[in-house]
Amino acid sequence: MTTSPLDAAHQTTRRITTLSVAAAVLLIVMKAFALGASGSVSILASLADSTLDLVASLATFFAVRWAAAPPDDDHRYGHGKAEGLASLVQAGMVLASGVFIGWEAIQRIFDPRPVTSGGWAVGVMVLAIIVTAALVWMQTQAVKKTGSLAVAGDRAHYAADLAANVVVLIGIISGSFLKAPGLDAAAGLVVAVWLAWGAVNLLKDASNHLLDRAAPESDRAAIVAAVTEDARIANVHQLRTRMAGQALMIQMHIDLDPDLSLKAAHDIILAAEKRVLAAYPHADILIHPDPRGAAEPHGGAFVAQRPASSDAAPDTAPDAASSDGPSKPSGPWS
């Protein structure tokens, strides 16, 4: 049986999240050993971060499986928002980690403690950097294939960890070999700031997903261009886009010749959907035909609250705005 693009994407996310959990466990074990041997605050910071990464990776592990569940009677659009929820959980954990590490680092700056067994600590951190770099590379490939928000959030964790591990390594070398434990604590503080910055970006991405932010303008323009390749389709309007996990939800109205038969109109719309799917294979598309020259404003509660041209892409027909009725004040509907 042929595997659909969306099923293939779900298989990829399941594999990479399993690998992410395994990598987090390995990193925790290595860093716990290094902490016991060295007492380094920067390793403590990195260990705390890896522990929260394990919790976040587990959340992602289950979220992508929930998101892959097919639509049911209570979730007609599927369960894709689970990825946004997982990313939100990740952001909260990263922020909590940053606060804890920052507090510990500030205390150690004013009360420095020596770093011992620097050789073991350096060896562990070098190995941790190699493991993390390999995981980030594989996650990057998975995100390119799937566009998964949950995997992208997990990758953001480990990409921050990669840079943080380098800072930790510098801190260990400073505290152990240069006899400057204050620099070790300062390295931990740098890690904390880095994590807090990453958490803010994760919160932004998760919020955009959960609040149904529209697809980028370039994507909307590409969708309209694909639909209007057929000269019989004019005036694409009321275009709405949002993400549900890895699926791009697309709705629009188009103008067709009012004298077309239902069969002819259906064939035109079906061909337009196939053109969009060729560019966006994970899309769920709904196209509503309006009789050209006789369409009336309609479409539900939010249409009256959106500016008439808010959903029009740059290359829609000149009369795209007029078909949606009188212009309204600008609002958040995009």
> Distance from Asp290 atom CG to His237 atom NE2, nearest 0.5 Å?
4.0 Å
> Got Arg155 and Thr140 here, is their nearest side-chain heavy-atom distance under 4.5 Å?
yes
> In Å, rounded to the nearest 0.5 Å, how long is the span from CD1 of Ile269 to CG of Leu256?
5.5 Å
> With clusters defined by side-chain heavy atoms of hydrophobic residues (ILVMFWY) lying less than 4.5 Å apart, directly or transitively, does Val131 cluster with Trp137?
yes
> Under 6.0 Å from the CG atom of Leu270, do we count more than 12 heavy atoms belonging to anything else shown?
yes
> So do Val143 and Ile16 actually touch side chain to side chain, heavy atoms under 4.5 Å?
no
> Grab the two heavy atoms, one from Ala215 and one from Leu248, that are nearest each other, plus how far apart they are.
CB-CD1, 4.2 Å
> For the residue pair Ile233 and Asp255, establish whether any side-chain heavy-atom pair is separated by less than 4.5 Å.
no
> If I compare all heavy atoms of Ile28 with all of Thr51, which pair ends up nearest, and what's the gap?
CD1-CA, 3.6 Å
> Is there a side-chain contact between Met249 and Leu286 in this structure, where contact means two heavy atoms from C-beta onward sitting under 4.5 Å apart?
no
> What I'd like to find out is whether the side chain of Asn235 reaches to under 4.5 Å of the side chain of Arg292, using heavy atoms alone.
no
> For the CG atom of Leu239 and the CD1 atom of Ile254, what is their distance to the nearest 0.5 Å?
12.0 Å
> To check you understand the geometry: which heavy-atom pair defines the closest contact between Phe61 and Thr17, and what is its length?
CA-CB, 3.8 Å
> How long is the span from the OG1 atom in Thr132 to the CG atom in Leu26, to the nearest 0.5 Å?
9.0 Å
> Would you say that Asp230 contacts Arg275 through its side chain, given a criterion of any heavy-atom pair below 4.5 Å between the two side chains?
yes
> Hydrophobic clusters here meaning ILVMFWY residues chained together by side-chain heavy-atom distances under 4.5 Å, can you tell me if Phe62 and Val21 are in one?
yes
> Using 0.5 Å steps for rounding, measure from the CZ atom of Arg240 to the CD1 atom of Ile250.
14.0 Å
> Of Thr18, Leu19, Thr12, which meets side-chain contact (heavy atoms from CB on, under 4.5 Å) against Arg15?
Thr12
> Evaluate side-chain contact (heavy atoms from CB on, under 4.5 Å) for Ile223 paired with Val236, printing each intermediate quantity in order.
CA-CA 10 Å; Ile223 291 167; Val236 175; over 6 Å; no
> Rounded to the nearest 0.5 Å, what separation is found between the CE atom of Met30 and the CG atom of Leu47?
11.0 Å
> Check whether any side-chain heavy atom of Glu217 lies under 4.5 Å from a side-chain heavy atom of Arg220, and answer yes or no.
yes
> What closest approach, in Å, do Phe33 and Val124 show between heavy atoms, and which atom pair accounts for it?
CD2-CG2, 4.0 Å
> Below 4.5 Å, heavy atoms only, C-beta onward: do Asp219 and Thr241 meet side chain to side chain?
no
